[in-house]
Amino acid sequence: MSISFENAIQETQDLLSQIEFLDAKTITQKFTELVSTENGARGFFVTYLTSDLSHREYPSLEVITALKTSPIFVNELLVKNLAMSTAMVIYHRSQGDKENAQGSEKVQEKTGQLIKQLLSPALGEKLQQLATSLNTGQGEYQAFLERWGYDNYQRQAIAEIIQPFLQ
């Protein structure tokens, strides 16, 4: 199944708006289909991490089950979302933008919750690769860090937020 990033966002929004009316099997199946492709997984995370789901609804067993089916896309996106949201909290605070800082904090918190529930050797390895790039200025995530131009404060905050997940 091929899906565009935009369609994945729309599908995730539709699913989240209907979630209380769907049975667990349907929810798991639909989210599993979404995260089975890179665009689908990206669209899912953009929508899911910024949604206003209550803590009771977040993250549901159905979502965790679905995310476990696609570790290659999911692990990469979780690591990057945690880094990006952490860096954006600092950026927005430095600009005096409390509202966007709070939005980034929400994404950071939700991403951390997902990482906690999905932590596996493979996800731990991705987090360790990010830590290595932060510490050495080279490695797997160096291009990602450079592309977004994170400063020393942002890199330090990212290093701190991933620390509890490192073995």
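Positions are given from 1, in the same order as the sequence printed here. Computation of the quantities below employed the complete heavy-atom set of this structure, encompassing side-chain atoms and omitting hydrogens, waters and symmetry-equivalent molecules.
- Under the 4.5 Å side-chain heavy-atom criterion for grouping Ile, Leu, Val, Met, Phe, Trp and Tyr, Tyr153 is not connected to Ile158 through any hydrophobic cluster.
- The shortest non-hydrogen separation linking Ala157 to Ile90 is CB-CD1, 3.1 Å.
- The cluster map of Ile, Leu, Val, Met, Phe, Trp and Tyr, joined by side-chain heavy atoms under 4.5 Å apart, puts Val107 and Val46 in different clusters.
- Following chains of ILVMFWY side-chain contacts shorter than 4.5 Å, one cannot reach Ile19 starting from Leu61, and the two form parts of different hydrophobic clusters.
- When side chains are defined from C-beta on, Tyr48 does not count as touching Leu15, because their heavy atoms never get closer than 4.5 Å.
- The shortest side-chain heavy-atom distance between Ser120 and Lys68 does not fall under the 4.5 Å cut-off.
- Between Glu76 and Tyr141 the shortest side-chain heavy-atom distance falls below 4.5 Å.
- To the nearest 0.5 Å, atoms CD (Glu6) and CG (Asn39) are separated by 8.0 Å.
- Across Glu62 and Ile27, no two heavy atoms sit closer than the pair CB-CG2, 3.5 Å.
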For a side chain to side chain contact (heavy atoms under 4.5 Å, CB included) check, start with the C-alpha distance between Tyr91 and Asp97, then their side-chain angles and the critical distance, and finish with the verdict.
CA-CA 9 Å; Tyr91 172 77; Asp97 186 347; over 6 Å; no

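- Counting only distance, with no hydrogens or angles, the side chain of Thr69 and the backbone of Ala66 share a donor-acceptor pair below 3.5 Å.
- When side chains are defined from C-beta on, Leu67 does not count as touching Leu78, because their heavy atoms never get closer than 4.5 Å.
- Looking at Arg42 and Phe73, their side chains never come closer than 4.5 Å, going by heavy atoms from C-beta outward.
- Counting all heavy atoms, side chain and backbone alike, Ala101 lies closest to Arg93 at CB-CG, 4.0 Å.
- The distance from the OG atom of Ser17 to the CG atom of Leu22 is 9.0 Å, given to the nearest 0.5 Å.
- Put simply, Phe44 and Ile64 are part of the same group of oily side chains (I, L, V, M, F, W, Y) that touch within less than 4.5 Å, one to the next.
- Within the 4.5 Å cutoff, side-chain heavy atoms of Leu145 are placed close to those of Arg155.
- For the residue pair Asn152/Gln156, the side-chain donor-acceptor check at 3.5 Å is not satisfied.
- Leu49 and Leu77 fall within the same hydrophobic cluster, defined by Ile, Leu, Val, Met, Phe, Trp and Tyr side-chain heavy atoms under 4.5 Å apart, directly or through other members.
- Summarising the geometry, atom CD belonging to Gln95 is positioned 9.0 Å from atom CE belonging to Met88; distances are rounded to the nearest 0.5 Å.
- Here the straight-line distance linking atom CD1 of Ile115 with atom NZ of Lys126 works out to 12.5 Å at 0.5 Å rounding.
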Please assess Leu119 against Leu127 for the test side chain to side chain contact (heavy atoms under 4.5 Å, CB included), listing each intermediate value before the final yes or no.
CA-CA 10 Å; Leu119 198 55; Leu127 289 159; 4.0 Å; yes

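- With a 4.5 Å cut-off on side-chain heavy atoms, Gln154 and Thr86 do not count as touching.
- The minimum heavy-atom distance linking Gly40 with Thr37 is given by the pair N-OG1, 3.0 Å.
- The neighbour count for Phe144 CZ, taken as heavy atoms of other residues, nucleotides or ligands under 6.0 Å away, is above 12.
- Put simply, the side chain of Val79 does not reach to within 4.5 Å of the side chain of Asn75, judged on heavy atoms.
- Between Tyr150 and Trp148, the two ring planes are parallel [angle under 30°; tilted spans 30° to 60°].
- Among all heavy-atom pairs drawn from Gly139 and Ser133, the shortest one is C-OG, 3.5 Å.
- Heavy atoms only, all atoms of each residue included: Asp52 and Lys110 are closest at N-NZ, 4.4 Å.
- At least one donor-acceptor pair under 3.5 Å links the side chain of Ser70 to the backbone N or O of Val35.
- Atom CD1 of Ile9 sits about 12.0 Å away from atom CG of Asp14, to the nearest 0.5 Å.
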Evaluate the criterion side chain to side chain contact (heavy atoms under 4.5 Å, CB included) for residue pair Thr132 and Gln128; output intermediate values, then yes/no.
CA-CA 6 Å; Thr132 299; Gln128 187 58 60; 3.8 Å; yes

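- Residue Lys30 qualifies as open at atom NZ: its count of foreign heavy atoms under 6.0 Å is 12 or below.
- Within the model, atoms CD of Gln108 and CE of Met84 stand 13.5 Å from one another, a figure rounded to the nearest 0.5 Å.
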Starting from the C-alpha separation in whole Å, work towards a yes-or-no answer on side chain to side chain contact (heavy atoms under 4.5 Å, CB included) for Lys80 and Leu130.
CA-CA 9 Å; Lys80 288 180 175 177; Leu130 176 58; over 6 Å; no

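- No more than 12 heavy atoms of other residues, nucleotides or ligands shown are found within 6.0 angstrom of CD on Glu99.
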